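Structure first, commentary second.
Both counts, for ligands and for their atoms, begin at 1 and track the order of listing. One is the number of the first residue; the rest follow in order along the sequence. Since the structure is predicted, the reported quantities are computational estimates derived from the model, not experimental observations.
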Amino acid sequence: MATKEAKAAARARFEGVFDQIADELLAYTKAQGMPAEAIKWYKDSLYYNVPGGKLNRGLSVVDTLEILKGAPLSEDEYFRAALLGWCIELLQGFFLVSDDLMDASITRRGQPCWYRQKAVGNIAINDSFMLEAAIYYLLKKHFRQEKYYVDLLELFHETTFQTTLGQLIDLITADEHHVDLSKFSLEKHHLIVVYKTAFYSFYLPVALAMRVHGIQDESAYKAALDILIPMGEYFQVQDDYLDAYAPPEVLGKIGTDILDNKCSWNVNIALKYGTPEQRKVLDDNYGKKDAESEARVKAIYSEAPISIPERFEKYEKESHDRLTGLINQIDEVKTGLKRDVFVSFLNKVYKRTK
Ligand code: GPP
Ligand code: MG
Ligand code: MG
Ligand code: MG
């Protein structure tokens with residue numbers, strides 16, 4: 001595994017590409033004759049909403065291409081992989097800015113959510129569209145001449161559609177005005193998290209790098225999907241767990257799942273293993289917009305036999321074993337894939353605390 005210093009250097013190199021990307025986008029708005037205040041607005045939005053995260057998705061494009069190639073990338077190869085990585089981070093910015101509005105969240109990446117900035121409010125909706133639009137500007141500018149250009153477009157379009165489907169079922173399962181916990185189940189949770197998170201966060205980075213590397217055999221994409229979807233599900237279960245259990249100053253965001261009546265992993269575990277008394281606490285307090293109700297739900301989450309921290313620890317270990325098993329089954333010769341692509345991605349997220 002890469003040392004801490006090597007990881008920091010890889011991150012710094014990747015971050016260095018963002019300035020060029022932002023400059024290109026701002027030059028375009030300038031060339032369109034936009035006034036200085038519009039250019040400044042877009043610049044502020046780009047820098048506030050795109051570069052400050054963990055960058056797992058973006059870095060995974062670079063790491064995947066390098067592993068597939070089996071040798072260090074040339075300057076040009078690096079730049080193009082990093083550019084695609086930043087396109088995923090732009091997609092992520094688009095999703096997060098709008099998700100925070102939809103979830104009425106307070107903080108993100110250790111700062112107030114963009115829509116909560118005094119001058120922003122609902123303009124954040126348009127700002128989120130502008131983050132998405134940037135992807136297709138950059139893809140056209142840098143990849144228009146490649147024979148895999150359409151494949152890149154399709155990957156971004158299809159994963160965006162899938163993510164919005166996931167967001168839709170996330171939202172309509174979490175009715176703000178009518179809390180009915182009998183609508184929740186781990187099966188429903190599975191569908192929500194695969195669609196809202198796994199496709200764009202796990203499949204997309206690897207599939208983009210596979211396209212750039214020239215892999216055309218559709219069965220290789222299917223083989224990648226079969227591992228990356230369960231990996232993405234595991235990642236979103238972590239997100240749900242951390243929503244209730246991570247200190248906000250570490251997580252960079254304040255959890256809202258209990259207040260928002262979300263069909264999260266935690267509540268499904270509590271419904272599955274809770275006693276009738278604990279179920280009553282959930283029915284009376286889940287999805288209520290006050291801190292006392294939220295605290296009552298959190299208290300029973302940790303009580304036996306619900307015992308979420310213990311059950312999560314077990315789930316985390318079992319997921320790691322299961323995913324490692326799937327990775328070991330990959331036929332590298334037949335698919336042209338490398339097991340290390342998936343090992344590297346799993347290592348980025350296993351036992352994460354934020
Ligand atoms: C994670 O949900 C999923 C997304 C951020 C995708 C949103 C999709 C859109 C089409 C807007 P979450 O609400 O649990 O994330 P977080 O905990 O980071 O708010
Ligand atoms: Mg959400
Ligand atoms: Mg959210
Ligand atoms: Mg969450």
Could you pull out all donor-acceptor pairs under 3.5 Å where a side-chain atom in residues 78-88 meets a protein atom, sequence neighbours excluded?
residue	atom	partner	partner atom	Å
Tyr78	OH	Phe14	N	3.1
Arg80	NH1	His142	O	3.3
Arg80	NH2	Glu146	OE2	2.5
Arg80	NH2	Tyr148	OH	3.2
Trp86	NE1	Phe14	O	3.0

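Remark: Tyr234 pairs with no residue by the ring pair (Phe, Tyr, Trp, His ring centres under 6.0 Å) rule, at least two apart or across chains.
Ionic pairing of Glu24 and Lys141 is present here: one or more N-O contacts between side-chain nitrogen and carboxylate oxygen are shorter than 4.0 angstrom. The pair Glu318-Lys314 meets the salt-bridge criterion, since a charged nitrogen lies less than 4.0 angstrom from a carboxylate oxygen.
Using the six-membered ring where Trp is involved, Trp41 and Trp114 have ring planes that are perpendicular, over 60° apart on the 30 and 60° scheme.
Around the Mg ion (ligand 4), the protein contributes the following N, O or S atoms at distances under 2.8 Å: Asp239 OD2.
Applying the side-chain hydrogen bond (donor to acceptor under 3.5 Å, both in side chains) test to every pair with at least one member in residues 187-196, sequence neighbours left out, gives these pairs: Asp170-Lys196, His189-Asp240, His190-Glu233.
For residue Asp99, an N/O/S atom approaches the Mg ion (ligand 3) to within less than 2.8 Å.
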